[in-house]
Number of protein chains: 2
Amino acid sequence: MEYQSTVTDHSGEGTVASVLADMRQTARRVRCSLPTGTSMLCGNARHREDRAADSEVIVGGAPSRDIWFIRSGILRLQCHAYDGRRQILSLFLPGEVVGFEGEFREGVSVETVTQSGLCRIDRRAFDAILNGNDELRAELFRQKQDQLDRLHWLTWSLGALSPDERFAAFLAMSTRFMPCDPLPDGTTILSMQLPRADIADLLGTTVETICRINRKLSESGVIEIKDPSHFRILDLKQLMALGQIEGGLDRMVRGIVERRSRLDDLMGPASGSAVCNCGS
Amino acid sequence: MEYQSTVTDHSGEGTVASVLADMRQTARRVRCSLPTGTSMLCGNARHREDRAADSEVIVGGAPSRDIWFIRSGILRLQCHAYDGRRQILSLFLPGEVVGFEGEFREGVSVETVTQSGLCRIDRRAFDAILNGNDELRAELFRQKQDQLDRLHWLTWSLGALSPDERFAAFLAMSTRFMPCDPLPDGTTILSMQLPRADIADLLGTTVETICRINRKLSESGVIEIKDPSHFRILDLKQLMALGQIEGGLDRMVRGIVERRSRLDDLMGPASGSAVCNCGS
DNA sequence: CGAAGTATTGACGGGCGTCAATATCAGTGG
DNA sequence: CCACTGATATTGACGCCCGTCAATACTTCG
């Protein structure tokens, strides 16, 4: 739970006026097609924090003045019961804003899954910016919608699908928001960023079951296991069919791809964001 | 899917100006403590629709100009796979506004569970009202938060709890948003508004399992089954313990109770809303 | 090299989904 | 009033998936 924090400068710069000035400056300086507000959010080094894996970002039930912008890495929204059972409710990805929607409930928290680059924003300053920036507000609205859609999928799959189906769907979707390398033969190497325990707690099952499903998939030729965190996707169609993804992958991961590419456009692919090079 | 609709008057009254006039009129006429916008929404008979059970209200994937205010009854948000599997993602209750948040995704739909009294509102008119009414906007924000919290609970319970535990928790929570009659001895008679199939599809299990759990609970003396839709709650504490509700019921059903009482204050308990007389 | 963390594989058993039969009730028409 | 029909709820029997426990590989630290 200890986190290595590299805040460069934090001396009372979070005021509305200064951040608005940032926005105007950054909007002039950066040439990119995304809402100026977003570029402001990650356009300078102030308020940045580099977090190790499994570091606590938001703890539910306690009022917080902070809003977070994810520059790189993956975060998880999770529930804990007192007896230790955990359920991951959602993943947050680069380009997304977390903590805007009032408080999280007690027992709910947000932690990093991987090492992550975050940007801390003062809530009042953010609200002020939001008031004057329709584009940013629209982007935030889209993000909330996307996150809600993902939560709907998870709820649906937990209630209606079997662990095999859920994992197959998760693998298929992962090719859109996790690092992967396309091979000349059309297959791709997926670099799984989540450890087994997180996959299991996200999909409502156990690490053993995940391993067994993994093996079954590789035996049936759908994937090939290079090493515990690298899968070669041999038959994406099959994977989607197993995962009951009828409407196409793009509908399932709406918003993620665009945000990722805009982010890379802004910060460069070397920034550590979860790059995915898979074709459509 | 046929619905009996009793729209009293629908002759082009959904304009911004007329609805705003309604709001001002209603705000003057009705004495109540809830946001004036909400009283406007149900304060007159226009745009009202009385729906039978299992009637389609919103079908996802298609843009709609309609927003719905629930005066009475229970609605369900659900997912359908092409093979027929269904998962109920959430219930909507009297006093809540549905359909405001952009579009629902394809495959997702909203239907009535019970006979319901709805009020149809034009989206643009609603937006216009929202712009000028901070109280209504705040109420809507609270509602979205409450609905998200409920979805979080469902996801959490589907992933981390067993069917027994989920059903116990659901029963306990039902005492706060479904009709129940308190008895002199401290127990209450809960009138279950959902048929078994809906309970099963909400809790991610089957009707048979629901029945078996029901019987187990009655054999262990936690509840008493009066008839298929009436349970006598003998030991609410035990029910909450089984359902892993540590933080108290009120946190789980936040917002529902207040909205219900305000609604009854406005429309009278005879309006058909799901009244719950249980003490706190 | 030892230790700790993570992933994998095997063995076992119960929970729960599936199928089928029956009970109960509401509505309809004779 | 009863027979018939359809919908819903309940109960039983069966079997397998998957959670639990345990042992073992594999990697990464010190």
Side-chain angles (χ1 to χ4, degrees), chain A residues 1-2 4 52-54 81 83-87 113-115 157-168 170-171 190-220 223-231 242, chain B residues 1-2 4 52-54 81 83-87 113-115 157-168 170-171 190-220 223-231 242:
Chain A
M1 296 306 158
E2 81 300 335
Q4 106 206 48
D54 297 318
D83 64 1
R85 278 181 286 189
R86 180 182 71 155
Q87 174 65 36
V113 176
T114 65
Q115 182 182 354
S157 74
L158 286 172
L161 302 185
S162 68
D164 319 359
E165 297 172 314
R166 294 200 288 271
F167 184 69
F170 175 70
L171 266 193
L190 169 68
S191 171
M192 173 56 60
Q193 303 286 295
L194 307 199
R196 294 288 183 273
D198 283 329
I199 301 177
D201 285 348
L202 175 70
L203 301 182
T205 180
T206 63
V207 289
E208 293 92 338
T209 298
I210 295 294
C211 281
R212 275 184 263 268
I213 296 173
N214 225 344
R215 155 168 276 265
K216 231 182 355 180
L217 285 179
S218 77
E219 280 174 352
S220 62
I223 66 172
E224 180 189 338
I225 305 174
K226 310 297 282 189
D227 67 69
S229 65
H230 291 275
F231 307 129
L242 287 172
Chain B
M1 297 308 160
E2 82 299 334
Q4 107 204 50
D54 297 317
D83 64 1
R85 278 180 286 188
R86 182 181 69 156
Q87 175 65 35
V113 175
T114 66
Q115 182 182 352
S157 73
L158 286 172
L161 302 185
S162 68
D164 319 346
E165 297 172 314
R166 294 201 288 271
F167 184 69
F170 175 70
L171 266 193
L190 169 67
S191 171
M192 173 56 59
Q193 303 285 295
L194 307 200
R196 294 288 184 275
D198 284 328
I199 301 176
D201 285 349
L202 175 71
L203 301 182
T205 180
T206 62
V207 289
E208 295 91 336
T209 298
I210 295 293
C211 281
R212 276 185 262 268
I213 297 172
N214 224 343
R215 156 168 276 266
K216 232 182 356 180
L217 285 179
S218 76
E219 280 174 352
S220 62
I223 66 172
E224 180 189 338
I225 305 174
K226 310 297 282 188
D227 67 68
S229 66
H230 291 275
F231 307 130
L242 286 173

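Here A:Arg215 lies in heavy-atom contact (under 4.0 Å) with sugar-phosphate atoms only.
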Problem set entry | Check against side-chain contact (heavy atoms from CB on, under 4.5 Å), A:Thr209 and A:Phe167 | CA-CA 10 Å; A:Thr209 298; A:Phe167 184 69; over 6 Å; no
For this session: Let me see the working for A:Ser218 and A:Glu224 under side-chain contact (heavy atoms from CB on, under 4.5 Å), right down to the final yes or no.
Result: CA-CA 5 Å; A:Ser218 77; A:Glu224 180 189 338; 6.0 Å; no
Exercise. Are A:Met192 and A:Leu171 close enough, and set up right, to give a side-chain contact (heavy atoms from CB on, under 4.5 Å), and what steps lead you there?
Worked result: CA-CA 9 Å; A:Met192 173 56 60; A:Leu171 266 193; 4.0 Å; yes
For this session: Check the pair B:Phe231 / B:Leu217 against side-chain contact (heavy atoms from CB on, under 4.5 Å), numbers first and verdict last.
Result: CA-CA 11 Å; B:Phe231 307 130; B:Leu217 285 179; over 6 Å; no
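Side-chain contact between A:Phe170 and A:Leu194 is present, with heavy atoms from C-beta onward closer than 4.5 Å. Side-chain contact between B:Leu161 and A:Arg85 is present, with at least one heavy-atom pair separated by less than 4.5 Å.
Here B:Asp227 pairs with nothing under the salt bridge (Lys or Arg N to Asp or Glu O under 4.0 Å) rule; sequence neighbours left out. Take A:Arg212 and apply the side chain to side chain contact (heavy atoms under 4.5 Å, CB included) test, not counting sequence neighbours, and it matches A:Glu208. Residues meeting the salt bridge (Lys or Arg N to Asp or Glu O under 4.0 Å) test with B:Arg196, sequence neighbours left out: none.
Of the residues in residues 194-209 of chain A, those placing a heavy atom less than 4.0 Å from an atom of DNA chain C are A:Pro195, A:Arg196, A:Glu208, in numerical order.
Atom CG of A:Leu217 is separated from atom P of C:dA7 by 17 Å (rounded to the nearest Å). The distance between atom CD1 of B:Ile213 and atom P of C:dC16, rounded to the nearest whole Å, is 7 Å. A:Asp227 has its CG atom 14 Å from the C1' atom of C:dT8, to the nearest Å. Distance A:Glu165 CD to C:dG17 C1': 13 Å, rounded to the nearest Å.
Contact detail for A:Pro195 and A:Val113: the closest heavy-atom pair is CD-CG1, 4.2 Å. Considering every non-hydrogen atom in both B:Ala168 and B:Leu242, the closest pair reads CB-CB, 3.6 Å.
The nearest heavy atom of DNA chain C to A:Ile210 and to B:Arg212 marks one nucleotide each, and the one closer to the 5' end goes with A:Ile210.
For the helix from C:dC1-D:dG30 to C:dG30-D:dC1, the axis fitted to the five pairs at one end and the axis fitted to the five pairs at the other end meet at an angle of 30° (nearest 10 degrees).
Taking the 5' to 3' direction, DNA chain D first and last meets chain B under 4.0 angstrom from a heavy atom at D:dA9 to D:dA13.
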